[in-house]
Engineer: 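Sharing a structure, written as structure tokens. Questions coming.
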Amino acid sequence: MIDLYTASTPNGWKASVALEELELPYTVHPIRFSEREQKTPEFLAMNPNGRIPVIVDRDADDFVVFDSGAILLYLAEKAGRLMPADVKGRSRVIQWLMFQMGGVGPMMGQANVFCRYAPEKIPYAIERYQRESRRLLKVLDTRLGQSAYLAGEDYSIADIASWCWAHTYEWSGVSIEGLSHLSRWMDEIAERPAVKRGVAVPADVHRAAAGNDANDANDADVTTRVEGARSILA
Ligand SMILES: N[C@@H](CCC(=O)N[C@@H](CS)C(=O)NCC(=O)O)C(=O)O
């Protein structure tokens, strides 16, 4: 069993989508940013960076993995799927995974912050991050014009990593007009049952807890889960 500490964000979805694709059993522990649960000593003991996602593999001596790219690699290697075993195939997956971790995610994240949340609208910052995000999406589009998936003909963790960010393009105010290969790939991946289940995490946990709408999360139950996690970590 794997414990997943997460929130409903692109980096969080990478872990839940991979767990769903790999059909690995896991327990979700929603982390509330509003309560700064990702900055508690207990959480920082798992991830010194104070960010989600984090997994704890209870079947591997409570081995902790933080950072979404490292989590994807760990899960793929553990399950022996979503990444080829041969050196070149593995390298192709890692190249596109690194491309996402160092580029697509950080740039789209900054575009989102500066166009949506920054108290002061700074045109230079908004344009810089949106332009760079669009450029990176164009790189994905060019690649996807050459092969079905980013690392070749097989769906891999590289696709999960980039899809979780790319499909939020509107959120960052970035246009995908003219990027037909990217659109084809985004639409196709969005239809995967495991992806649909993965992006509903942890909202489904909230919904189940509240017996109601995702926005009406039962805080008591969620707190119980986090407290439970804390007691495991203590
Ligand atoms: N490099 C990290 C970044 C993780 C990250 O930025 N997580 C965000 C949500 S997408 C977070 O936890 N934000 C809360 C905070 O910054 O305190 C990864 O890929 O896991």
Side-chain angles (χ1 to χ4, degrees), residues 2-22 26 28-57 63-78 82-83 93-119 125 129 132-133 136 140 150 156-174 195 198-203 205-206 214 217 222 225-226 229-230 233:
I2 287 176
D3 281 315
L4 168 65
Y5 298 83
T6 194
S8 191
T9 74
N11 288 321
W13 294 328
K14 290 181 208 168
S16 45
V17 166
L19 284 160
E20 291 290 342
E21 290 281 2
L22 295 166
Y26 66 105
V28 180
H29 304 273
I31 296 297
R32 293 174 301 182
F33 294 158
S34 58
E35 304 299 315
R36 295 183 63 74
E37 289 174 345
Q38 76 281 21
K39 309 297 181 196
T40 61
E42 294 82 1
F43 193 91
L44 292 172
M46 295 190 293
N47 181 0
N49 197 25
R51 294 189 164 193
I52 63 93
V54 174
I55 61 167
V56 183
D57 189 347
F63 187 66
V64 179
V65 190
F66 69 84
D67 226 276
S68 58
I71 291 171
L72 289 175
L73 284 167
Y74 179 82
L75 294 176
E77 285 178 344
K78 180 181 171 80
L82 295 178
M83 184 164 70
V93 169
I94 293 174
Q95 287 170 53
W96 285 104
L97 180 61
M98 297 295 166
F99 174 81
Q100 186 284 311
M101 293 299 295
V104 176
M107 292 303 116
M108 289 186 73
Q110 293 301 322
N112 174 46
V113 165
F114 279 101
C115 82
R116 235 168 243 281
Y117 301 110
Y129 289 119
E132 179 61 1
S133 297
L136 293 165
L140 293 179
L150 289 173
S156 76
I157 53 170
D159 298 292
I160 294 177
S162 272
W163 183 88
C164 284
W165 275 100
H167 88 284
T168 69
Y169 64 92
E170 282 177 327
W171 196 42
S172 299
V174 179
V195 171
V199 296
V201 171
V205 172
H206 285 227
V222 173
R225 289 163 190 273
V226 174
R230 284 181 183 146
L233 293 163

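Computation of the quantities below employed the complete heavy-atom set of this structure, encompassing side-chain atoms and omitting hydrogens, waters and symmetry-equivalent molecules. Ligands are counted one by one from 1 in listed order, and the atoms in each one are counted from 1 as well.
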Engineer: Pair Gln100, Lys14 - check side-chain contact (heavy atoms from CB on, under 4.5 Å), show working.
Structural biologist: CA-CA 12 Å; Gln100 186 284 311; Lys14 290 181 208 168; 2.9 Å; yes
Engineer: For atom 19 (O) of ligand 1, find the nearest protein heavy atom and state the residue, atom name and distance (0.1 Å precision).
Structural biologist: Ser68 OG, 2.6 Å
Engineer: Looking only at N/O atoms, are Arg51 and ligand 1 under 3.5 Å apart anywhere?
Structural biologist: yes
Engineer: Hey, which atoms in ligand 1 end up nearer than 4.0 Å to a heavy atom of Pro53?
Structural biologist: 20 (O)
Engineer: Is any N or O atom of Lys14, backbone or side chain, closer than 3.5 Å to an N or O atom of ligand 1?
Structural biologist: no
Engineer: Heavy-atom distances under 4.0 Å decide this one: backbone, side chain, both or neither, for Gln38 against ligand 1?
Structural biologist: side chain
Engineer: So, does Asn49 use its side chain to make a donor-acceptor pair with the main chain of Arg51 at under 3.5 Å?
Structural biologist: no
Engineer: Scan Ile157, Ile160, Asp159 and name whichever one has a side chain to side chain contact (heavy atoms under 4.5 Å, CB included) with Glu21.
Structural biologist: Ile160
Engineer: Counting each atom of ligand 1 from 1 as listed, which ones have a heavy atom of Asn11 under 4.0 Å away?
Structural biologist: 3 (C), 4 (C), 5 (C), 6 (O), 7 (N), 10 (S), 19 (O)
Engineer: Do any nitrogen or oxygen atoms of Ile52 come within less than 3.5 Å of a nitrogen or oxygen of ligand 1?
Structural biologist: yes
Engineer: What heavy-atom pair brings Pro202 and Ala7 nearest, and what distance separates the two atoms?
Structural biologist: CD-C, 3.5 Å
Engineer: Quick one: look up the protein heavy atom nearest atom 1 (N) of ligand 1 and list residue, atom name and how far away it is.
Structural biologist: Asp67 OD1, 3.1 Å
Engineer: Residue-level breakdown please: for Lys39 versus ligand 1, do any non-hydrogen atoms fall below 4.0 Å on the side chain, on the backbone, on both, or on neither?
Structural biologist: side chain
Engineer: Give the contacting part of Phe66 toward ligand 1: side chain, backbone, both or neither, where contact means a heavy-atom distance below 4.0 Å.
Structural biologist: neither
Engineer: Is Ser172 reaching over with its side chain to a backbone N or O of Met108, donor-acceptor style, under 3.5 angstrom?
Structural biologist: yes
Engineer: Do Tyr5 and Gln38 have side-chain atoms, one donor and one acceptor, less than 3.5 Å apart?
Structural biologist: no
Engineer: Donor-acceptor check, side chain of Trp96 to backbone of Leu150, threshold 3.5 angstrom: yes or no?
Structural biologist: yes
Engineer: Taking 4.0 angstrom as the limit and counting only heavy atoms of Met101, give me the atoms of ligand 1 inside it, by number and element.
Structural biologist: 19 (O)
Engineer: Could you list which atoms of ligand 1 come closer than 4.0 Å to a heavy atom of Gly50?
Structural biologist: 17 (O)
Engineer: Measure the CH2-OG1 distance between Trp13 and Thr168 for me, rounded to the nearest 0.5 Å.
Structural biologist: 6.5 Å
Engineer: Which heavy atom of the protein is the closest neighbour of atom 13 (N) of ligand 1, given with residue, atom name and distance?
Structural biologist: Phe33 CZ, 3.8 Å
Engineer: Write out the residue and atom name of the closest protein heavy atom to atom 9 (C) of ligand 1, then the distance separating them to 0.1 Å.
Structural biologist: Thr9 OG1, 3.5 Å
Engineer: Glu37 side chain to Ile31 main-chain N or O, any donor-acceptor pair under 3.5 Å?
Structural biologist: no
